[in-house]
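Contents: one structure, followed by commentary.
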Amino acid sequence: PELLRPYLKHYSRDVLLDFRAKMSAALEEKDMDMLHDLDYAFHRYLYEATKRPHIMKLLSYVCDQSQRIRTQDFYQLRRTEEGAAEHIAMIDALLAGEYDKVPEMLRAHAASMEEKYYQNLLDTMQTLDQKYLIADIIREPHFIDGQLLYAILRESGRSMQENVKQYRLAENEYRDYIEMWVHEIK
C-alpha cells in the first residue's frame with residue numbers, strides 16, 4: 001500500500017470510472033468470471049500506472065500469486081463480491097481525492113484475503129478424516145505467513161505419511177511371518 005501512495009493522485013479518472021461501472025455491473029449480475037477478470041485488471045492498473053519498473057515487478061509478482069488464490073474453487077463467492085466492493089470503495093476514495101484513506105483500504109483488503117484463507121483452512125481441516133493430509137488439499141498462499149504455515153503443514157504431512165508407510169510395511173511383514181508360521185505348523 002505505501003508503495004502506491006506517491007502515485008495515487010495520478011490515476012486516470014476515466015479509467016477509474018470505467019472500472020467502477022464494470023465492477024458494479026458484474027456485481028449486480030453476479031458474474032464471477034467477469035469479477036475475477038476485473039479484479040486482476042484493476043490490480044494491474046494500480047501498479048502499472050506508477051511507470052516504475054521495480055514497483056511494477058514487485059507488485060506484478062504479488063498480484064499473480066494472489067490471482068492463483070482468487071481463481072481456486074475454495075475462493076468463495078462472498079469473498080469475490082466483498083473484494084469487488086472493496087475495489088469500488090477504493091475507486092470512490094480516489095475519485096473523491098481522499099488519497100490518505102487508500103493505503104489503509106489496501107491494507108484492509110489484503111488482510112481480509114488472509115483472514116478468508118485461514119478460515120478456509122480451518123473449515124477444510126474440520127471436514128478431513130485424515131487431518132495430516134491438509135497440505136495436499138489446500139493451495140499454497142501468496143502471503144509470507146501463510147507460506148510458512150503451508151511449508152510446516154506440508155513437511156508434517158510428509159513425515160506422517162512416511163510413518164504410516166513404515167507401520168504398514170512392518171504390519172505386512174508381521175502378517176507374512178504369521179502366515180508362514182501357521183503354514184509350517186499345518
Side-chain angles (χ1 to χ4, degrees), residues 1-3 26-27 30-44 46-47 53-87 104-186:
E2 292 303 319
L3 288 174
L27 266 175
K30 295 201 180 292
D31 185 343
M32 294 302 114
D33 291 334
M34 179 59 74
L35 283 172
H36 285 182
D37 291 346
L38 287 167
D39 181 84
Y40 189 69
F42 181 65
H43 287 183
R44 283 186 71 89
L46 288 179
Y47 65 77
H54 61 285
I55 292 176
M56 290 168 54
K57 185 176 180 180
L58 173 67
L59 294 180
S60 174
Y61 173 76
V62 171
C63 186
D64 287 346
Q65 296 305 311
S66 298
Q67 189 65 10
R68 286 177 45 212
I69 300 294
R70 287 189 295 272
T71 57
Q72 300 305 316
D73 293 337
F74 67 78
Y75 196 79
Q76 301 169 349
L77 166 70
R78 193 176 93 219
R79 178 62 201 134
T80 300
E81 292 173 332
E82 289 170 355
E86 291 165 2
H87 288 166
E104 184 54 42
M105 294 170 92
L106 287 166
R107 269 191 285 285
H109 181 62
S112 178
M113 188 174 71
E114 290 176 16
E115 180 183 326
K116 296 297 181 194
Y117 178 82
Y118 287 126
Q119 187 58 54
N120 178 67
L121 179 65
L122 291 171
D123 293 346
T124 302
M125 189 71 151
Q126 295 295 327
T127 64
L128 289 176
D129 292 334
Q130 298 171 327
K131 299 198 184 304
Y132 62 90
L133 296 175
I134 186 73
D136 293 335
I137 294 182
I138 61 170
R139 299 268 195 272
E140 183 176 2
H142 75 283
F143 53 96
I144 194 71
D145 296 345
Q147 288 175 339
L148 178 61
L149 176 62
Y150 180 81
I152 291 168
L153 290 173
R154 193 117 177 114
E155 186 58 34
S156 175
R158 280 190 196 129
S159 175
M160 181 58 141
Q161 287 174 356
E162 188 60 35
N163 285 341
V164 167
K165 181 180 173 183
Q166 288 175 356
Y167 282 110
R168 284 186 179 153
L169 284 172
E171 180 183 348
N172 287 340
E173 288 175 5
Y174 185 69
R175 185 179 330 120
D176 290 345
Y177 169 75
I178 296 293
E179 287 175 1
M180 187 174 64
W181 182 78
V182 167
H183 182 69
E184 285 182 18
I185 291 199
K186 286 182 179 180

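When reading the values below, keep in mind they use all heavy atoms of this one structure, side chains included, and skip hydrogens, waters and symmetry mates. Fair warning: this is a prediction, and the values are worked out from it, not measured in the lab.
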I'd like to check [X] versus [Y] (side-chain heavy atoms, cut-off strictly below 4.5 Å). Are they in contact?
X	Y	value
Leu153	Tyr132	no
Arg154	Tyr150	yes
Met34	Leu38	yes
Glu171	Tyr167	no

Revision key, fill the gap. Of all heavy-atom pairs linking Lys131 and Met125, the shortest is NZ-O, 2.8 Å
Study note, to complete from the structure: All heavy atoms of Leu133 vs all of Leu128, minimum pair found to be C-CD1, 4.4 Å
Any chance you could measure [X], atom [atom1], to [Y], atom [atom2], to the nearest 0.5 Å?
X	Y	atom1	atom2	result
Arg168	Asn163	CZ	CG	12.0 Å
Asp136	Gln130	CG	CD	10.5 Å
Leu122	Ile134	CG	CD1	8.5 Å
Trp181	Ile178	CH2	CD1	7.0 Å
Asp39	Glu86	CG	CD	10.0 Å

Review point. Below 4.0 angstrom, N of the basic side chain to O of the carboxylate: do Arg107 and Glu104 qualify?
Key: yes
**Study point:** Mutual orientation of the aromatic rings belonging to His43 and His87 [parallel < 30°, tilted 30-60°, perpendicular > 60°]
**Key:** perpendicular
**Study point:** side chain to side chain contact (heavy atoms under 4.5 Å, CB included) between Arg158 and Met160, worked out
**Key:** CA-CA 5 Å; Arg158 280 190 196 129; Met160 181 58 141; over 6 Å; no
Practice item. For Met105, look at atom CE and say whether over 12 heavy atoms of other residues, nucleotides or ligands are found less than 6.0 Å away. Key: yes
